[in-house]
Amino acid sequence: MPAPEKTPGWLERRLPVMSVLRREYIAFPMPRNLNALWSFGAFLMVTMAIMIASGLFLAINYTPDITQAFASVEAIDRQIPSGWFLRSLHMGGVTMLFACLYIHIARSLWYGSYKAPRELLWLTGLGMMLMVMVTAFAGYVLPWGQMSYWGATVVLNAAHTIPLIGKPVSELLLGGETLGNTALHRLFVLHFTMAFAILAVIALHVIALHVVKPNNPSGIDPVSPKQTLPFHPYYTSRDGFALCLFLMVYAGLVFFLPDLLTLADNYVQANPLVTPRDIRPEWYFAPFYAILRAVPSRLGGLLLAVGSLAVLFALPSLDRSPTRPATRRPLVRLSLPLAFLSFILLGVAGMHPPTETWLIVSRMAMAWWFIHFLVVMPLVSEREITS
Amino acid sequence: MTQSETPPPEGGTKRRDLLTTATVTLGCAGACALAVPFLNSLKNPAATTLSDKTIEVDLSSLAPGQDMTVQWQDWPIFIQRRTPQMLAALQTPAHIATLRDANSKMLQQPKDATNWHRSVRPDYGVLVGICTHLGCVPSFEKPGSAPEAAGGYFCPCHGSNFDAAGRVAERAPAPYNLPVPPVTFLSDTKIRIGHSAGDPGFSMSDIQQI
Amino acid sequence: MSRLIRNFVLAASLAPLLAALPACASTPAQRGLIVFQHVCAACHGMEHVDYGDMAAFGLSPDAIHNWAADQQLPNGTDDNGDPKTRPATPTDPILSPYPNEAVGRLANHGLLPPDLSRLAMTLPGGAEQIRRILLSYAPTPAGVKLDDGRYYNTALKWKHIGMPPPLQDGMLTYPDGTKSTTQQMATDVSAFLNDVAHPHVAERRRIGVYVLAYLVLMAVLTFVLQRRIWKSRP
């Protein structure tokens, strides 16, 4: 492979992009044994690119004003040429983005990708997830439908319960106590800005990945060049194939099931005088909504919902075991799938009306989520026998 | 296609053969096709043809020497009622000598306004108020206040000056006379802008330049 | 050369036939548009739908223009400050016939006829429920007392509705000769409202098939490529 060194070209002497690209994306040594779950990072990159492109073209036709926002979105769906496609791409993209994000994180949990030396990779990733959540929340308010309005109102009132700072800060951010024109305009700017801020953090995330090199299913970093394969053509071709399958699912959502995950009530213009009968969040926020509802105290619910994410940030210090993959840790292999199941159950519970059964399910699932991260992981890492 | 004729080297990691070429080409074609709806969305869905829009303007309140501005197809339309002094000034040979296109040879007006006063009736002038240089709106210099007694139009952007009939001065940066819209007199004090009875086939899209 | 000319003449003679096709090939949704124009539009609007959007239902540009021109829209005030109107154009929305909500309520016993832009999507039960409501009017049974402006209808939970029975057999003639029974019109208009609530649905599916076909082809190509590359790894 190594070609005889020639004198570097004009561009190379000034800005070595070509050699960096060759080093990081063609010759970059990858573990030989990565499985399909390692393709989800590539899916996330592609989805993010589609989201930003479609978002820019939607923003051209969108009006951030409470009297015109709903109509401008309707016009995108009906009258703007190809507008329906761009909007479906953007709406379907949210689902694909969160689905990939959750799978990507689950993969990191399962194979211990958050452990040294990849702590910063893990933290930048989680930070990005929070940013995506804020962006998605702001973006969902923009069509100014009933669900936009009431979903945001509920979140806003939950934020008001934070002692001392909750109310003043949210009023300062949204320009008033209730949602109005000022809030809509600011959320539009927030949505727009965050998208590009996420791009910057993606860059950090990828740089960190290329410094510490990818983890792999065995959890043992390759030591000799014989245990690696160059990124191109092995992983480019494999990611290319995986991407085709991923895009098929995405296209299915955009072209054949555009209403599968949207709530019909959001096609009714926001009305501050009428709360829709069946108010529920989009599926990707459902687990956190379930926690919010499962706790009798408003502040407690908010703290636990935030806490359910905070434990992930603390994970590198909670789990001190040097063994990475759950497959080689018998207790984690039992406990972690239960935590995944808890997350899914919380999501299902969040999409259902808060009946007694669903409240009990949410509370048990929530309990296990915290037990796994706060009790099982520290204890197991103290005294586990790894296989 | 030349690559497909050579047998792929065994075990090479850089094989460029028909399969690779086809996959990469098709992939790029797909990416380009994805750009089509994005560009398509930039088209204005409300773009309507300009042809069938007319407005009617009542001129009864316009006194000799006064002017007014109305809007037609998003353009400012200057309407002036000319005094005999203005009409006389338009015809002085000394003035005509300073003009670039005194006889309106360029197609900037309907046939019924291709005359020395560039209007259907000499006492009323109707002009599209957009400088033919770079599209600014000239302002009307009232007769007497301008250096030329005839009145005229002066463009604030680059100093183009036009006479009261919209004819551009030879030394101005603007290349053409101000366009004249199609006008029909419905009565002595009422006009319709957008249709010309004297030149029914005239369309604003045919003129040299707005 | 002569064959070229013959083909051209053939194509030219077929063109008007093909252009006229959408008007005669009446789908339920296209017939439903006629029901909307003649029946629903008396009380309901579709404020997010333009007259021009009706081209999707096979309405010719002239027919759209004429339909729009029959409707008057408010157009500011005249020199005396009195309200002016102008005829609608194809880029104007299909507004409710009532100038505002209060007038709409006044004319309908205090109930505002809902906007139909997205009704088939937001009404629980969707287009099928619209059809059911249209077909479920019945004489008020003995012993049931309804308020003024309320009509007995078994499709609803409370068994009454504010909309008087809108459809009667033979109240309009379909240009394609279909008999306008109540059943037929209810089916047609619910199909129409379903398409209005899901704009571009036919185009969406048609393009989707091409996109999926392309992705399947790409998946096969990349799969084969990937297999071959990985087979030859050192």
SG on A:C100 to CZ on A:F246, rounded to 0.5 Å = 4.0 Å

Contact origin within [X] toward chain C - heavy atom pairs under 4.5 Å:
X	answer
A:F256	side chain
A:D259	side chain
A:R32	both

Of all of [options], which one pairs up most often with chain A through heavy atoms under 4.5 Å apart?
options	value
C:M218, C:R233, C:R205	C:R233
C:P124, C:A197, C:S117	C:S117
C:V211, C:D50, C:V49	C:D50
C:I207, C:V201, C:L225, C:L123	C:I207

Heavy-atom contact with chain A under 4.5 Å, split by part of C:V216 = both

Sort C:V224 into side chain, backbone, both or neither according to what part of it lies under 4.5 angstrom from a heavy atom of chain A.
-> neither

Can you list the steps and then say if A:S218 with A:N216 is a side-chain hydrogen bond (donor to acceptor under 3.5 Å, both in side chains)?
-> CA-CA 6 Å; A:S218 75; A:N216 70 75; 2.6 Å; yes

Validation row, ring centre C:H48 to ring centre A:F70 under 6.0 Å | yes

Test of ring centre spacing under 6.0 Å for A:Y235 and A:F28 | no

Does a sphere of radius 6.0 Å around NE2 in A:H185 hold more than 12 heavy atoms from other residues, nucleotides or ligands, not counting ones at 6.0 Å or beyond?
-> no

Heavy atoms from other residues, nucleotides or ligands near CE of A:M45 exceed 12 (cutoff 6.0 Å) = no

Checking A:L243, A:L89, A:T95 against A:Y250 for side chain to side chain contact (heavy atoms under 4.5 Å, CB included), the one that qualifies is A:L89

Between A:L245, A:L229, A:D265, which residue shows the highest count of heavy-atom pairs closer than 4.5 Å to chain C?
-> A:L229

